[in-house]
Trainee: 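Before anything else, here's the structure in question.
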Amino acid sequence: MVEMKAPIKLISRCQGGVLLAKDRKPNALVQVAVIDPYKQHLVSQACTEIVEANKDPLFLTGVAFPSEYPASPETLVKLTVYDAKDKNQESSSFLGSATFSVGDLLRAKDEQLTLSLRSSDGVCAAGTVVVSRLKMGEMEEVDVDHITTDIPSQKCPLVCESAHHSCVDRESNPLTGPVFRNPVCKVYRFQTVDSKWMFVREQMEECTLSFSIPKQLLSLYIQEDMSRVQDLRELGDLSPHWDNLRKEVMTRYGGIISSYQETLAELDKITGHSFKPSCCKAQKSLEFIPINLHTQRMRVTCPKKTDAFYDIVTVGAPAAHFQGFKCGGLQRLLSRYEAEKKSFSTAYQCIYYSPEHTAKAQEVLSTMSLLQPLITSLADQLLQAAHEHSSPGLRDALKNLSDKTEQFVHTLKDELVKSALLALHAAQPGFVSKNQKQTPVPGKHQGQGGDQNQSPVQGLPGHSPAASVTESTVVCNNVEGSQTMTGGEGGLLQPKHQDSIPHHKEYDEEEWVSVAAFLSRTEDFKTETGASDYFHLTDKLFVVTQKCPIPFVSAGDWREQLCPLVTRLKECVMEVAEKAKRAMTFVLLQEAACSIPQGFLLQQRRDVVFSQALAALACGFVMRLYAGMQDKGFLRQLHLVGLVAQFESLLSTYSEEIGMLEDMEVGISDLQRVAFKITEAKTDELGDLQPLVCGRRDHFTVEVPLPQLVFQTLPEEIKEGKPLRVFPVLFNVGINEQQTIAERFGDISLQERINQKNFETLEAYYKSLSEKVPLECLPCFQTQTDIKELLETLGQNVVTKKRKNVEILWIAGTICRRLNGIRFTSCKSAKDRTSMSVTLEQCALLRDEHQLSKDFFVRALDCMRREGCRIENVQKNIKCRKYAFNMLQLMAFPKCYRPPEGTYGKVDS
């Protein structure tokens, strides 16, 4: 059997006036099936919508033949017409059928067939059906007046499209193969306001990143935690108290590592799947996988106009369903945890570090891990340039070395590094303060010092004011195990709670001097003896090169002069980095000790939610990148500013969905820590075109490889590996019956705060974009409303007290498309409320951008919901073609979000 490469689309209509039931006009629908010419069995393909009470029915809904049954001349197609007694299609009677081959259609005059519908006995004629071929991109300019029906709004034929062609755009594109798969296609013909026809195709696909991104993240989480455990081991000898805490923290990390390794092993066993159905959302082995992640593209072909397409990503709200929402979601849990962490620090006799401090410690560790090898490499380049008699190379290497060394010094001069070094010094075995040697006087007040004891990092956000600190505070950080310190004659004082970072005034002069030797290297880059001025070492290197005659008289002489300075610099950087690394590790140890056990559970929850969110974002970014490869304005915007990623959520602010929304808010916010980078693929093999993730929890980079020929067309800034930013924003409006309860009797402040905060982010993004990129780079739309005006309207809606104000979602979505952004839509499972939103948005785009006739709007909406890609999504998830709504729920929905009768019911979702 030879597959046909030409597109095949079939238009059919029933006519003849004989399709009549005994006492009424029929409610006609057509089932389309393919007959395998070799195995001689029917394979059901699709079903049209019901056209009610019409003797000459015309259908909007089309049929797409899947790739496993591509159209060929031998392909047999059977059309069966039924009279549906009700909209549930549960009771219907056979009216007639007709069979034809694709070859017959192609050989027919004008590629049109008129077939007789035969009754069940195969003898009696029951009317006729007209089947004709429509060539995509060659829209007919026909006037529709000659198509007579009883209901004018039903003047549209059935469109059938071969699956081979419906997927040909993706299959012939080398970019889409490695990421998108298992397409589902639906086609329609709708009438415009000027009585022309537009051709519309929906295409929904799964994304391989649903599994590949979480699996890569799990590997990185395991690697990072194993590295943290190793860092804790390398802290050296600690006092018994701190050593016990270290062991407990390492045990907790070991538990997480083991759990993640088990999950990764389970995911590695799964093959062939590209999405997680909604019925598995609470399955532990799949908790890192996004729920029901799909892409959807609507392509529109209109007469005398360029084709347009509109993309959207649908995904279940990123949330930890397996862990549940009994105590709320991440946003609430993290707030409560930070409030309680100070009391944890008292119980574990630790120093309290705010989230900003721990984030700073992670940033210092990350920066050092990048800069130390870079400085070493630049130092070697400097010596190599001297050896090669390269004056420009010498100066360039020296300048780069100076810049990176200065950056290195600046990082380590942070007050947190100094304070952490003091705390680590006090936690080592045998530490005894000068005041500890004196016998404490019982009852004597030790908390004097007032403002003199203020922490050097108190100005940082999130840091609580320092309490008065006694000399005995340091001692309590070095107690045996968890022994209680009691007052009394010859005994130790009861320890006071310390919630601030220590500084040198808490130690005697001798102790400070022993630590200051290291600090001086970060401040002045001096050795303990003060013999060499390391702070100005790079300046000395400049002086040496300035003394060099150019061209060199003797390269060996200058290399010899540079070697001692370079060697001292490298040794100093190595020593400084090692001590600073231990100091920051000690900060993280104290933060982890204060976190037992709640902090570790929260970290796991955050990892789960972030994994789902990143998989969705990576899918959307790749889809948007592939679509914009030929758009120079888009590529310019991409590297100069970045893209906005707009997440639309339909979750309610009541019951469990509050917890889901709280998880989602944190997960989407954490996407700010992600950057993208475009790379050139090693080969054009599909495996080499898969996006890769690298980094650690404080910052991840997603590398998107492109084929060599495609990569060469990119702007130089992107080819050079410039990090590409994404600005995630989240807007939520609940629409179901639970939101009705929340609005009348509950609390919707979470939704209001999220919308206000993200509106400000979106407004700031537009301001930055308008300053750096000409607005001509943005896409053109038929609606001429200025983006600034749309933002003003959105801002007004965000602060307006209005129940179920879905205009917030509509306007935010419009702004996102106008800004070349990435659109996401979510609800709990991305199949029911999400389907209502996606289909509504698609029909609104057809109305606003392609002049869809107002008489067709509601019917087009019902067709997409009844027989389009979204009902297929429901079928994929729960094996049932019913949206999970009941009549009571739908009474609370805004009218435009209600599905057509017969498409919903009580199902397990």
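These numbers come from the heavy atoms of this one structure, side chains and all, not from hydrogens, waters or symmetry mates.
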Trainee: Residues in ring-ring contact (aromatic ring centres under 6.0 Å, His included) with F824, at least two apart?
Mentor: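 F647.
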
Trainee: Say whether T825 and R823, considering side chains only, have a donor N or O and an acceptor N or O under 3.5 Å apart.
Mentor: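 Yes, R823 and T825 have a side-chain donor paired with an acceptor closer than 3.5 Å.
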
Trainee: So, using side-chain contact (heavy atoms from CB on, under 4.5 Å) as the criterion, who are the partners of S826 when residues are at least two apart?
Mentor: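 Once residues adjacent in sequence are excluded, the partners of S826 under the side-chain contact (heavy atoms from CB on, under 4.5 Å) criterion are V315, M664.
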
Trainee: Does the ring centre of F211 sit less than 6.0 Å away from the ring centre of H273?
Mentor: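 Between F211 and H273, which both carry aromatic rings, the centre distance is not below 6.0 Å.
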
Trainee: Excluding sequence neighbours, so at least two apart, what forms salt bridge (Lys or Arg N to Asp or Glu O under 4.0 Å) with R753?
Mentor: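 Partners of R753 under the salt bridge (Lys or Arg N to Asp or Glu O under 4.0 Å) test: E665.
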
Trainee: Please determine, by modelled atom types, if T314 and K831 share a side-chain donor-acceptor pair under 3.5 angstrom.
Mentor: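 No, because no side-chain N or O of T314 sits under 3.5 Å from a partner of the opposite role on K831.
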
Trainee: Kindly state each residue pair satisfying salt bridge (Lys or Arg N to Asp or Glu O under 4.0 Å) with at least one member in residues 735-752, sequence neighbours excluded.
Mentor: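 Found E752-K801.
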
Trainee: Assess whether a salt bridge exists between R881 and E872, defined as any Lys/Arg side-chain N lying under 4.0 Å from an Asp/Glu carboxylate O.
Mentor: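 Salt bridge: yes.
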
Trainee: If the condition is salt bridge (Lys or Arg N to Asp or Glu O under 4.0 Å), which residues does R817 pass it with, not counting sequence neighbours?
Mentor: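 So R817 forms a salt bridge (Lys or Arg N to Asp or Glu O under 4.0 Å) with E841.
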
Trainee: For S669, what residues pass the side-chain contact (heavy atoms from CB on, under 4.5 Å) criterion, not counting sequence neighbours?
Mentor: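 With neighbours one apart ignored, the set is Q672.
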
Trainee: According to ring-ring contact (aromatic ring centres under 6.0 Å, His included), who are the partners of Y765, at least two apart in sequence or on a separate chain?
Mentor: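 Counting only residues at least two positions away or on another chain, Y765 forms a ring-ring contact (aromatic ring centres under 6.0 Å, His included) with F727.
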
Trainee: With sequence neighbours left out, which residue pairs that include part of residues 315-332 fulfil the side-chain hydrogen bond (donor to acceptor under 3.5 Å, both in side chains) condition?
Mentor: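 Sorted pair list: R332-E662.
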
Trainee: With A308, which residues qualify under side-chain contact (heavy atoms from CB on, under 4.5 Å), at least two apart?
Mentor: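 For A308 the side-chain contact (heavy atoms from CB on, under 4.5 Å) partners, ignoring immediate neighbours, are Y310, H850.
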
Trainee: Do the charged groups of E287 and K276 touch, with an N to O distance under 4.0 Å?
Mentor: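 Answer for the salt bridge query: no.
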
Trainee: Compile the donor-acceptor pairs under 3.5 Å between side chains in residues 788-798 and protein atoms, sequence neighbours left out, one pair per line.
Mentor:
residue : atom : partner : partner atom : Å
T793    : OG1  : E789    : O            : 3.0
N797    : OD1  : N805    : ND2          : 3.1
N797    : ND2  : T793    : O            : 2.8

Trainee: Got a sec, which residues hit ring-ring contact (aromatic ring centres under 6.0 Å, His included) with F893, two or more places apart in sequence or on another chain?
Mentor: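 Scan of F893 (ring-ring contact (aromatic ring centres under 6.0 Å, His included), adjacent residues dropped) gives F885.
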
Trainee: Checking E807 now: which residues fulfil salt bridge (Lys or Arg N to Asp or Glu O under 4.0 Å) with it, not counting sequence neighbours?
Mentor: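 Only K802 meet the salt bridge (Lys or Arg N to Asp or Glu O under 4.0 Å) criterion with E807.
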
